[in-house]
Colleague: 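I'd like to ask you about the structure that follows.
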Amino acid sequence: MDKLDIPKAYEAKDYEDAIYAAWEASGFFNPDNLPGDRPLAFSITLPPPNVTGTLHMGHAVMLAIEDIMVRYQRMCGKRVLWIPGTDHAAIATQAKVEKLLMKEEGKSRHDLGREAFLKRVEQFAAKSHDIIVNQAKKMGASLDWSREAYTLDAPRSLAVRTAFKRMYDDGLIYRGNRVINWCSRCQSTLADDEVDYKETNAKFYYLKYGPITIGTARPETKFLDKVIVVHPDDARYADIVGKEFDVEWIEGTVRARVIADKASDMTFGTGAMTITPAHSHEDFQIAKEHGLEVVQIISEDGTFTSAAGAFAGKNARASRDEIVAVLEKKGLVERIDENYVHNLSVCYRCETPVEPLPKLQWFIDVNKEFNRDGKQVTLKALMQDAVRSGAIKIVPERFDKTYFNWVDNLRDWCISRQLWFGHRIPAWYRSSVIASEARQSYGEIATSSSTPRNDSELYVGIEAPEGEGWVQDPDTFDTWFSAGLWTISTLGWPDQGSQTLQQLRTYHPTSVLETGYDILFFWVARMVLMTTYLVGEVPFKMVYLHGLVRDEQGRKMSKSLDNVIDPLDMIAKFGADATRLSLVIGSTPGNDSKLSEEKVAGYRNFTNKLWNISRFVLTTTNNHPQPILEKEGRSTLYSPPFEGGAKGWLPETLADRWILSRLDTVVASVTKKLSAHELSSAGEELRDFTWNDFADWYLEIAKIQKREQTDQILLHVLETILKLWHPFMPFVTEQIWKNFSGNMLLIQSWPTVTGSADLEAEKEFSFIQEIIGAIRNLRAANKIEPIKKVSIVVDRDIPEHEIIKQLARVTDITVGEKPDGSVSTVVGSLTIHIPLTGLVDLEAERTRLTKERDELISYIASIDTKLSNTEFTGKAPEKVVAQMKEKREDAARKLFAVNGQIFMIKSQ
RNA sequence: GGGCGCUUAGCUCAGCUGGUUAGAGCGACUCGUUUACACCGAGUAGGCCAGGGGUUCGAAUCCCUUAGCGCCCACCA
């Protein structure tokens, strides 16, 4: 037998990479290679990180939580599939590369041209991808890399084109000219939810416009305003509604007229506004209803069009003051409110102010009825039903409301983007006019206003059409369109091969979607939309939302605040296991959590604790004459399984019965909690058991219980907690597991309840703990001399007196029959009598004990009162009454111990 | 303007459908040279569960209300 040589401290970095490599080599991350039958499947698709750079703490949380779920289910015997992938994140990635290009070479994407630029982006994405994969591995994520996907790879592109085609054929996708959100820096449209609002201090201008005064925050858009809108009920303007008159304006005289519309707010500004249909969503709406002309005066690059006369070509927002100066010169500025606060709409990526512009774009109609299984439905209705029917469960539940609030108010989704990086819209046009227009915008900024053409041929298909003269739409898809297909596209949809179909049948709908609550709308809702429409089933049965990881002070982590904690740094310093625990324990779904280095360090201490527990157990048992580790398959010693529960190996002592009972409780409870996705709570309970019960009590007892039985129990408990901990701390547990024979811990089966629950033992042992605690207290109080003599009187044979003796580290224990004690009426089986000498600090101890005794007495009295109250006993459920009685017993037992101690002190 | 949360020990938070004397970790303080671990052990002190009202035998938990804080959504020119 070799002597075990285990280092004193666990250094994560010495083991983790090798362990991950071994897992990967085993092939067990791929469900096809898992041993056993596994009729039930469990699947998660990893929310694909953007290929914009590196992973942050948010990704680390995601990987930790999902890996825990996945490892747990794998050990439970499920056919577990966790698919990794990355997201091309069109707008974010393109913006990033453009920024780099400008910084490093001083070039814009137009300097390179579309093709060369895309090559650059792909290079960047590839590099970023490799970093991400490496980081996921560092975290210990047990992802099936053989199925890795990318939102922009060939299979996913096919899925995108197929989805578009099908929706188009069903009339759910249309091309329309509408005012959209335009980011002049990204040079692209933005969906409604890609617009952020930033509270900004601005000026509010009161301008004379003919006979009335109008209010505006954006005078520069007002060049061609010809229509004043007032509220129909506004008495101030009632007499001029419908009238026309000439007004002196920015560039000379304009013929203006007044209309009434409820959109005008009587209480805001002067109650009168002019409208700019081309550059405001609401004005566009009004113009549409009243059949007004829509003229674009601001172009895609943020400059004025020729419609702005002398200002043409100048940046619109930058010209505001200049235009106001012109108005002022003409005496048209009545006053300026300098303290105007409003919500400026900005691009969620680059914070550039969003410019509303009229553009011809592709939209998904969420309100259009179509036939589904003989019923008329809308996409919106599908999204609502998926959650309302319970087919999808959101955790935490309160996000249901957020979800509905969003879906109910959903407007048509603009899916086309003027980016180069992304899936091209599978639409082709054939007509000289359109074709040249499309060519122009291919690589150029589209300058012409895009009005719908009737003279063009349009082809929508999965592949390019046959024939001459077809030009593909230059636009690309909103990145969330491809992301919305993620659960089905990663499983092979729309391929119809039997293997793909089988795979979809097995793993779809996926079991859980785990992601941050911040992308509930962007992504989760879109997946529900796409998947329910395309394959007629929900994409996942459950949505588990985690919160944001904030810094110690609760601030968001950001580069500008310099408070970013890099997961890789934490892993390097404290190990992946500690990092995972610090992200999972102490945080609950849907709530933000705070992270500090100290917290991670704390869990590093725990991994080391587990390491040393193992070190002790393994070396102790190994040193014994019948080396348990050398026996063939340690399991022969005590399993499988415990026949007839723990009786199979007859634990001899109270401590044995106690620890096994506790272990059984913990197995049951942790299993239940993990099944219910209560990860934090499961982890806490496991930590308490491992540290408080197993390490602090049973290990100490084991040192003096020199029976072979103890070795078996030590090994059994260790084996069980290694399994229980494995989902949380895969590395350290797997490393320790190497001391056992057989397969990797990764695929061991999850512990089951053995039937060792022993309430009597738990009660009795807690009493022993009480007594030992008392002895320790007394020793601590004895500052001058060690305790000379302790006598313990028991009324029946409790072998634990040996333990007490050792633990209390006292000498000279005598054991005898219990005298007919006066206190025995309270309850109890054990009394102690400790004559002590040389004590000086006992007075304080006595005061404390007396106080405790009084509290216990009044507590017992209060229970007695309650129990004699017929209203309580009559109305409270039986279970509660029984509980109360038990509590009374516990308190009485404690009182007995306290009384004993007081008696001891008195007798000094 | 709508909606959703939060307020529990010095700090970070658990406390599910009402039922132990409200818990944990960290921190503080006291003690400890115990052969698994100082990345340790044994203890102690900290709470009117934000305030007020109600329902109930019983409320941190349910209802109403007040105050403070946060988040999401929304086209106020």
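This is a predicted model, so every value here is computed, not measured. Lettering follows sequence order; numbering is per chain, from 1.
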Colleague: Just compare B:U21, B:U20, B:C39 and give me whichever is closest to any side-chain atom of A:A891.
Modeller: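 When the side chain of A:A891 is considered, B:U21 is the closest of B:U21, B:U20, B:C39.
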Colleague: Is it the case that the base of B:C39 and the side chain of A:E11 share a donor-acceptor contact (distance under 3.5 Å, atom types as modelled)?
Modeller: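 In this structure, the two groups form a donor-acceptor pair.
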Colleague: If pairing requires Watson-Crick or G-U wobble contacts with both distances under 3.5 Å, which nucleotide is the partner of B:C6?
Modeller: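 WC or wobble partner is B:G68.
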Colleague: Tell me if a side-chain donor or acceptor on A:D283 pairs with a main-chain N or O of A:P277 at a distance below 3.5 Å.
Modeller: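 Side chain of A:D283 to backbone of A:P277: no pair is present.
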Colleague: B:U21, OP1 or OP2 - any side-chain N/O from A:S858 closer than 4.0 Å?
Modeller: no
Colleague: Among B:G2, B:C4, B:C37, which nucleotide sits nearest the side chain of A:K401?
Modeller: B:C4
Colleague: For B:A24, does OP1 or OP2 lie under 4.0 Å from any side-chain N or O of A:W691?
Modeller: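 For B:A24, OP1/OP2 do not have a side-chain N/O of A:W691 under 4.0 Å.
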Colleague: Determine: side-chain N/O of A:N591 to OP1/OP2 of B:A14, distance under 4.0 Å, yes or no.
Modeller: yes
Colleague: Is the centre of the A:Y603 ring less than 6.0 Å from the centre of the A:F574 ring?
Modeller: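 Between A:F574 and A:Y603, which both carry aromatic rings, the centre distance is not below 6.0 Å.
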Colleague: Hey, is A:R317 close enough to A:E355 for a salt bridge, meaning N to O under 4.0 Å?
Modeller: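 Salt bridge: yes.
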Colleague: Just checking A:W611 against A:Y15, ring centres under 6.0 Å apart?
Modeller: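 Yes, ring centres under 6.0 Å apart.
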Colleague: Where along residues 668-682 of chain A does a heavy atom fall under 4.0 Å from RNA chain B?
Modeller: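 Contacts with RNA chain B under 4.0 Å: none.
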Colleague: If B:C62 has a Watson-Crick or G-U wobble mate with both distances under 3.5 Å, name it; if not, just say none.
Modeller: B:G54
Colleague: By nearest atom, which of the nucleotides B:A14, B:G41, B:C57 is closest to the A:A876 side chain?
Modeller: B:C57
Colleague: By nearest atom, which of the nucleotides B:U21, B:C57, B:A77 is closest to the A:L856 side chain?
Modeller: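 Looking only at side-chain atoms, A:L856 lies closest to B:U21.
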Colleague: Does B:G41 have OP1 or OP2 under 4.0 Å away from a side-chain N or O of A:K609?
Modeller: yes
Colleague: Of the non-hydrogen atoms in A:Y209 and A:K226, which two are nearest, and what is the gap between them?
Modeller: OH-CA, 3.5 Å
Colleague: Does any nucleotide pair with B:C49 by Watson-Crick or G-U wobble geometry, both distances under 3.5 Å, and what is it?
Modeller: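 When the pairing criteria are applied, nothing turns out to pair with B:C49, so the answer is none.
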Colleague: Between B:U56, B:A36, B:A42, which nucleotide has the shortest distance from any of its atoms to the side chain of A:K875?
Modeller: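 Side chain of A:K875 sits closest to B:U56.
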Colleague: Below 3.5 Å, does any donor atom in the side chain of A:R398 face an acceptor in the base of B:C4, or the other way round?
Modeller: no
Colleague: Please determine whether a side-chain nitrogen or oxygen atom of A:R411 lies at a distance below 4.0 Å from atom OP1 or OP2 of B:C75.
Modeller: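 Yes.
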Colleague: Establish, with yes or no, whether the OP1 or OP2 oxygen of B:A74 is under 4.0 angstrom from a side-chain nitrogen or oxygen of A:N409.
Modeller: no
Colleague: If you measure only the distance, is there a donor-acceptor pair under 3.5 Å linking the side chains of A:D261 and A:S264?
Modeller: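 Distance-only check fails for A:D261 and A:S264.
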Colleague: Name the closest nucleotide to the A:R687 side chain, picking from B:G19, B:G25, B:A77.
Modeller: B:G25
Colleague: Would you say a side-chain N or O of A:R615 is under 4.0 Å from OP1 or OP2 of B:C37?
Modeller: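 Result: yes.
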Colleague: Taking the side chain of A:F268 as heavy atoms from C-beta outward, which of B:C57, B:A77, B:A42 is closest to it?
Modeller: B:A77
Colleague: Now, which nucleotide makes the Watson-Crick or G-U wobble pair with B:G1, with each of the two distances under 3.5 Å?
Modeller: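 Base partner found: B:C73.
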Colleague: Indicate the atoms forming the closest heavy-atom contact of A:R580 with A:F728, along with that distance.
Modeller: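 Heavy-atom minimum between the residues: NE-O, 3.0 Å.
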Colleague: Using only side-chain N and O atoms of A:K8, determine if any of them is under 4.0 Å from OP1 or OP2 of B:C37.
Modeller: yes
Colleague: A:T216 side chain: which of B:C13, B:A77, B:G3 is closest?
Modeller: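 The answer is B:A77.
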Colleague: For the side chain of A:K887, starting at C-beta, report the closest nucleotide among B:A24, B:U20, B:A77.
Modeller: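 For A:K887, the side-chain atoms sit closest to B:U20.
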Colleague: In Watson-Crick or G-U wobble terms, both distances under 3.5 Å, what is the partner of B:U17?
Modeller: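 Matched B:U17 with nothing under the 3.5 Å cut-off.
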Colleague: Using a heavy-atom cut-off of 4.0 Å across all strands, would you classify A:P877 as base, sugar-phosphate, or nothing?
Modeller: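 Base contact.
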Colleague: Using the six-membered ring wherever Trp is involved, compare the ring planes of A:W725 and A:F606 and label them parallel, tilted or perpendicular (cut-offs 30° and 60°).
Modeller: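 If you compare the ring of A:W725 with that of A:F606, the planes turn out tilted.
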